[in-house]
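Counting begins at 1 with the first residue of the sequence. Predicted, not measured: the structure shown is a model, and the values here were computed from it. Note: hydrogens, waters and symmetry copies are ignored here, and every other heavy atom, side chains too, is used.
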Amino acid sequence: MNPRLAAARALTAVLSGKASLGGSLPPQLDKVEPRDRALAQDLAFGAARWQPRLAALAERLLQKPFKAADKDVEALLLVGLYQLFYTRIPAHAAIGETVGCADKLKKPWAKGLINAVLRNAQRDGETIFAELERDPAARTAHPRWLQKALKAAWPEHWEAVCAANNAHPPLILRVNRRHGSRDAYLAELAAAGIAAEPCTFSRDGIRLAEACDVKTLPGFAEGRVSVQDEAAQLAADLLELAPGQRVLDACCAPGGKTCHLLEAEPGLAEVLGVDLEESRLVRVRENLARLGLDARLIAADGRDTASWWDGKPFQRILLDAPCSATGVIRRHPDIKLTRKEEDIGALAKLQGELLDALWQTLEVGGVLLYATCSTLPPENSDNIAAFLARTPGARELDIPGPFGLKQPHGRQLLAQEDSHDGFYYAKLVKIAASPRG
């Protein structure tokens, strides 16, 4: 399959609300020849990353918007515009190949339209972009609701956050403490000619100068190293693990933090991982197997404790709550297209319900670490404030350290170019049982 056509079809699924680009490659990209797959992925992800800006340009060049039935043509046009302004593909090739894909969509009428718009964009695009600089949503390539939310929450940082969201993320590794030190692995990378440096905040983190196929990394297959962003790596040490503890990892998929807990403290009595669907636990099992680790996994709704909890309290709970994922947009740029403003309130409600339910399973004196990969206060500090107000037996523990921004409750890390993702942590201790547990 033509990589431009595959990218357009993958993007069409996103624009139509039928799929995402996250996780494994969408089926549309899997059908591309291996030699063209990297190009197809770049075109799909790049068009999604810059869609708010490209869509504003297209709006200026089109006489009327696309019909709902022509989302595929719209996606193909965005892929063409992305090639013109954000790749080194020659303009004649970008235009010609993109126009040619209209036949494959069985919409030959679109060839003339796409050709005209792309050629006009080639001629007038830079002028239009200069005019669009006055519009912060188009300038930062963020949907307007999100651009406004970030500006309101982080008036001094929002533009840097948007820039980081639009940048390509670095490849971050987590060294398995059970198999050696970070310094030793850095030396091994250097000997292999792979440029890398230690992360600033995570004791196990390594940032590669350039991304590579992880299968080529020394000891990857043997479980000596994993891929995990630096911000996510902070959870294991924040939990203050100790031998003999029983630990719950709620919403555990894809299992990166589950594995890190077991690497960080081999003497744990048990780690129980819970996630909503059995299909989500497949990846967790794969990660555990590669690393030679063992955890008990249950597919269940974390809020329905009667269906999975045996009544024995946990000394530590990690709640990596479902969230808007606005802190990891650079890794999943289609979040800009799939996430809606009205989602935030619904997610905050779900997060609060998980907090309330899981709190009942925590031992008095135990610690719950609340985490999200969101940068929006309603899911983070505001949510913890509400939980503390309705939970007399809960107290917040301070999270000291040089990372992130201290909030009224918890600590917020904002996405940084060439560094960590956006992430939030709050640390709670149970000083007394609630009426329910």
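- Geometric assessment of Arg290 against the ring of Phe220 yields a positive cation-pi assignment under the 6.0 Å and 45° thresholds.
- Salt-bridge annotation for Arg331 and Asp229: present, with a side-chain N of the basic residue lying under 4.0 Å from a carboxylate O of the acidic one.
- Ion pairing between a basic and an acidic side chain is recognised when a charged N comes within 4.0 Å of a carboxylate O; Glu133 and Arg53 show such pairing.
- Under the 4.0 Å criterion applied to side-chain N and carboxylate O atoms, Glu240 and Lys427 are assigned as salt-bridge partners.
- Separation of atoms CG (Leu262) and CG (Asn287) is listed at 11.5 Å; rounding is to 0.5 Å.
- Checking Arg177, Arg174, Arg224 one by one against Asp204, the salt bridge (charged side-chain N to carboxylate O under 4.0 Å, His left out) holds for a single residue, Arg177.
- At least one side-chain heavy atom of Tyr185 sits under 4.5 Å from a side-chain heavy atom of Pro218.
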Between Arg9 and Leu105, does a side-chain contact (heavy atoms from CB on, under 4.5 Å) hold up when you go through it step by step?
CA-CA 9 Å; Arg9 286 182 170 169; Leu105 295 178; 4.1 Å; yes
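- A donor-acceptor pair shorter than 3.5 Å can be found between the side chains of Gln83 and Thr98.
- Between the side chain of Arg339 and the backbone N or O of Ser324, at least one donor-acceptor pair lies under 3.5 Å.
- Between Arg246 and Glu270 there is a salt bridge, since a side-chain N of the basic residue sits under 4.0 Å from a carboxylate O of the acidic one.
- Using a 4.0 Å cut-off between a side-chain N of Lys or Arg and a carboxylate O of Asp or Glu, Arg330 and Glu417 do not qualify as a salt bridge.
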Between Val284 and Asp275, does the side-chain contact (heavy atoms from CB on, under 4.5 Å) criterion hold? Intermediate values first, please.
CA-CA 10 Å; Val284 183; Asp275 212 288; over 6 Å; no
